[in-house]
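In what follows, a single structure is set out as structure tokens and then discussed.
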Amino acid sequence: DSLFNVGDRVAFNFTAPQTARYFKVRQVSTVWNSDKQEFTTSEINFFENKIPQKVTVPTQALDRTDWTGSITPKNNGAFTDASFKSIIDGDLSTYPDEGGPGQGNHNGFPINVDLNLGSEQTVKSFSLDKRPGAGNAADGKNGTVGAFEVFTSEDGTNWVSAGKGAFTEAAYNLHQV
């Protein structure tokens with residue numbers, strides 16, 4: 001099974017290694033509160049190795065120093081550069097929710113995260129850390145990616161599908177506060 005979660009992190013192992021400089025992760029839905037089409041990721045990582053399906057959180061993520069990119073929803077224009085940087089800053093308490101949790105300033109699926117890794121990289125897996133619940137069970141549930149697609153590109157313009165999946169409520173069983 002290529003989809004699983006470790007704590008508040010959801011992970012996806014690619015069937016075959018993906019070699020590219022550019023990656024696009026497209027959020028297509030959320031698990032809970034599907035009427036709120038919000039971006040629900042706090043951190044994103046790519047890994048050279050497959051992530052083992054065990055309780056240990058992987059620590060060998062690619063260096064994100066040279067990463068650039070953007071977050072663009074279907075409606076209301078792109079998020080700010082600061083919002084993009086919040087998903088690669090290594091700090092789970094920062095996330096791109098301009099206007100506060102549930103304000104939905106950037107609603108509308110699909111929501112694309114376009115990433116330039118700075119150089120061509122070979123990756124076998126990636127992870128998304130959920131937006132923290134901030135002590136509110138509903139916010140924790142809102143921070144849960146549902147369906148997603150992943151694409152690679154050699155030039156950042158022409159995209160090829162690298163995989164897709166859907167995390168389900170049964171797979172999470174988290175934030176049942």
Self-check item: Check: L62 and W67 side chains under 4.5 Å, non-hydrogen atoms
Solution: yes
Exercise. Find out whether F84 and V113 are in side-chain contact, i.e. whether some heavy atom of one side chain is under 4.5 Å from a heavy atom of the other.
Key: yes
Quiz item: Does some side-chain heavy atom of N116 sit less than 4.5 Å from a side-chain heavy atom of R21?
Solution: yes
Self-check item: From CD1 (I111) to NZ (K74), nearest 0.5 Å
Solution: 11.0 Å
Quiz item: So do E48 and T122 actually touch side chain to side chain, heavy atoms under 4.5 Å?
Solution: no
Self-check item: Gap between atom CG of D66 and atom CD of Q121 - 0.5 Å precision
Solution: 9.0 Å
Quiz item: For the atom pair CG (N158) and OG1 (T152), what is the distance rounded to the nearest 0.5 Å?
Solution: 11.0 Å
Practice problem: For Q18, enumerate each residue passing the side chain to side chain donor-acceptor pair (under 3.5 Å) test, keeping only those at least two apart in sequence or located in another chain. | Solution: none
Self-check item: Within one Ile-Leu-Val-Met-Phe-Trp-Tyr cluster: I88 and V150, side-chain cutoff 4.5 Å
Solution: yes
Quiz item: Does a side-chain heavy-atom distance below 4.5 Å link F148 with L128?
Solution: no
Self-check item: Matching residue for I87 among I71, V25, N45 - test: side-chain contact (heavy atoms from CB on, under 4.5 Å)
Solution: I71
Practice problem: Quick one: pull up OG in S86 and CD1 in I44 and give me the separation to the nearest 0.5 Å. | Solution: 11.5 Å
Exercise. Return the minimal non-hydrogen interatomic distance between N112 and K24, and the atom names on each side.
Key: OD1-CD, 3.8 Å
Exercise. Can you measure from NZ (K50) to CZ (F12) and round to the nearest 0.5 angstrom?
Key: 9.0 Å
Quiz item: Is there a donor-acceptor pair closer than 3.5 Å between any side-chain N or O of R26 and the backbone N or O of F151?
Solution: no
Quiz item: Which atom pair, heavy atoms only, marks the closest approach of D155 to S153?
Solution: OD1-OG, 3.0 Å
Quiz item: In Å, rounded to the nearest 0.5 Å, how long is the span from CZ of F14 to OG of S125?
Solution: 7.5 Å
